[in-house]
Amino acid sequence: MPDEQEMMGKGKGRESRWAIHVCRAGLAAALVAVVAAIASGFGSRVGLWGFRGGFKLLTWAAYCGVLAVTLSLVGEVLAVRQRHLKGCFIALCGLVVGAATVAVPVSWRVSASRVPPIHDITTDVDHPPQFVAILPLRKNALNPPAYGGAEVAIKQRAAYPDIKTVILTVPQKEAFERALDTARALGWRIVAAVPTEGRIEATDTTFWFGFTDDVVIRVSAADYRALVDIRSVSRVGRSDVGTNAKRIRAFIAKLTGAG
């Protein structure tokens, strides 16, 4: 009959194998989560599914990330108890990758909760710049090109009080060229540039899901100065999660040299 020491050895062997299996399961779940998260956005970019399908996939990626974190934590505890260094390393990798995958959608939700559910931001809420050349490109957009009016203006002023008309102490022609150079430097695709009207229209594409947002810039003469107004509008989505405001702030910072 096997002695007590042999039985204990076999028991520890089973516990060690169980620990490494849990650690590997956690890492596998984390890898599935990160692949699903990446695919959610880039699949939408290349047209494999719509943005709503991408959001659903990202949600499931977050759930899988939570599972990965849970399994990795359990595996880490078991591996530490068994002094299984390989298991500890595997569990740590699963924990880091799983947590990072969960952090992306969670951070978006937090950002969305901190900004108003609007998708049309402009420096002039009373007389916002109007689209002309971009209108045909927005014919299938879910969001209309018309400004939302007083309700949107009130929400914007409360959330983004710093977004206002830029005053440049240069002639209108020079201000127009500076605005056009700034738009190009930011990587926007110029759709129209009409110096006689002081109008610049462009599009910008978001990184993850590849959403196309539209921008119109108006440069007006005011004595020896120039007034620069900009408007950025999303084609889809009730809320832009602050994207349009960030885009306008980046434009203003670069235009004025603050960037």
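All of these numbers come straight from a predicted model, not from anything done at the bench.
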TODO: Look at the side-chain heavy atoms of Ile, Leu, Val, Met, Phe, Trp and Tyr, link any pair under 4.5 Å apart, and say whether V233 and V191 land in one connected group.
DONE: yes

Open item on the list: Could you work out, with ring-ring contact (aromatic ring centres under 6.0 Å, His included) as the rule, every residue matching F55, not counting sequence neighbours?
Closed with: F51, F209

TODO: Measure the spacing between CG of D213 and CG of D204 and express it to the nearest 0.5 Å.
DONE: 7.0 Å

TODO: Flag yes if L227 and V170 sit in one hydrophobic cluster, no otherwise; membership is Ile, Leu, Val, Met, Phe, Trp, Tyr, and two members link when side-chain heavy atoms are under 4.5 Å apart.
DONE: no

Open item on the list: Looking at every heavy atom in both I90 and C23, which two are closest together, and how far apart are they?
Closed with: CG2-O, 3.4 Å

Enumerate donor-acceptor pairs with a distance under 3.5 Å from any side-chain N or O in residues 176-188 to protein atoms, sequence neighbours excluded.
{"unit_1": "R178", "atom_1": "NH2", "unit_2": "L255", "atom_2": "O", "d": "3.0"}
{"unit_1": "T182", "atom_1": "OG1", "unit_2": "R178", "atom_2": "O", "d": "2.7"}

- [ ] Could I get the full list of ring-ring contact (aromatic ring centres under 6.0 Å, His included) partners for W49, not counting sequence neighbours?
- [x] none

Open item on the list: Once rounded to the nearest 0.5 Å, what's the spacing between atom NZ of K56 and atom OG of S40?
Closed with: 13.5 Å

Task: Point-to-point distance, once rounded to the nearest 0.5 Å, from CG of L78 to CG of L73 - done: 11.0 Å

Task: Verify same cluster id: V125, F251 (apolar side-chain graph, 4.5 Å) - done: yes

Open item on the list: Same cluster or not: V74 versus V69, using hydrophobic residues (I, L, V, M, F, W, Y) connected whenever any side-chain heavy atoms lie under 4.5 Å apart?
Closed with: no

Open item on the list: Taking A19's backbone N and O only, do any of them form a donor-acceptor pair with Q82's side chain (distance below 3.5 Å, no angle check)?
Closed with: no

Task: E76 side-chain N/O to L92 backbone N/O, donor-acceptor pair under 3.5 Å - done: yes

Open item on the list: Any side-chain to backbone donor/acceptor pair from E201 onto A192? Under 3.5 Å, distance only.
Closed with: no

Task: Closest heavy-atom pair and its distance - A226, V219 - done: CB-CG1, 4.4 Å

- [ ] May I have the step-by-step check of side-chain contact (heavy atoms from CB on, under 4.5 Å) for V216 and I200, ending in yes or no?
- [x] CA-CA 6 Å; V216 54; I200 301 169; over 6 Å; no

Task: A30 to G98 - nearest heavy-atom pair and separation - done: CB-N, 3.7 Å

Open item on the list: I'd like to know if the side chain of T206 reaches the main chain of F211, judged simply by a donor and an acceptor atom lying under 3.5 Å from each other, with no hydrogens or angles considered.
Closed with: yes

- [ ] Test I230 against T122 for side-chain contact (heavy atoms from CB on, under 4.5 Å), laying out the working first.
- [x] CA-CA 6 Å; I230 177 173; T122 177; over 6 Å; no

Task: Test log, rule side-chain contact (heavy atoms from CB on, under 4.5 Å), inputs I121 and D240 - done: CA-CA 10 Å; I121 307 298; D240 63 7; 4.0 Å; yes

TODO: Quick one: closest heavy-atom pair of G50 and S44, and the distance?
DONE: O-OG, 3.5 Å

TODO: To the nearest 0.5 Å, tell me how far I252 CD1 sits from K164 NZ.
DONE: 11.0 Å

Task: Listed partners of F89 passing ring-ring contact (aromatic ring centres under 6.0 Å, His included), at least two apart - done: none

TODO: Could you tell me the separation between the CG atom of L142 and the OG atom of S234, rounded to the nearest 0.5 Å?
DONE: 11.0 Å

- [ ] Please test R235 against T203 for side-chain contact (heavy atoms from CB on, under 4.5 Å), starting from the C-alpha separation and ending with a verdict.
- [x] CA-CA 11 Å; R235 294 187 184 181; T203 63; 3.9 Å; yes

Task: Charged N-O contact under 4.0 Å between K246 and D162 - done: no

- [ ] Return the minimal non-hydrogen interatomic distance between S239 and V115, and the atom names on each side.
- [x] OG-CG2, 4.4 Å

Open item on the list: Listing request: all side chain to side chain donor-acceptor pair (under 3.5 Å) pairs with a residue in residues 217-233, at least two apart in sequence or in separate chains.
Closed with: D120-R231, T123-D229, D124-R218, T165-D229, R218-D229, S232-N244, S232-R247

Task: Transitive ILVMFWY side-chain link I163 to I217, under 4.5 Å - done: yes

Task: Geometric class of the W208/W108 ring pair [parallel <30°, tilted 30-60°, perpendicular >60°] - done: perpendicular

TODO: Supply the atom-to-atom distance I20 CD1 to R17 CZ, rounded to the nearest 0.5 angstrom.
DONE: 12.0 Å

Task: Minimum heavy-atom distance between T101 and A61, given as atom pair plus value - done: CG2-O, 3.9 Å

Open item on the list: Any side-chain to backbone donor/acceptor pair from E197 onto P195? Under 3.5 Å, distance only.
Closed with: no

Open item on the list: Applying side chain to side chain donor-acceptor pair (under 3.5 Å) as the test, list every pair that has at least one member in residues 135-149; sequence neighbours left out.
Closed with: R138-D214

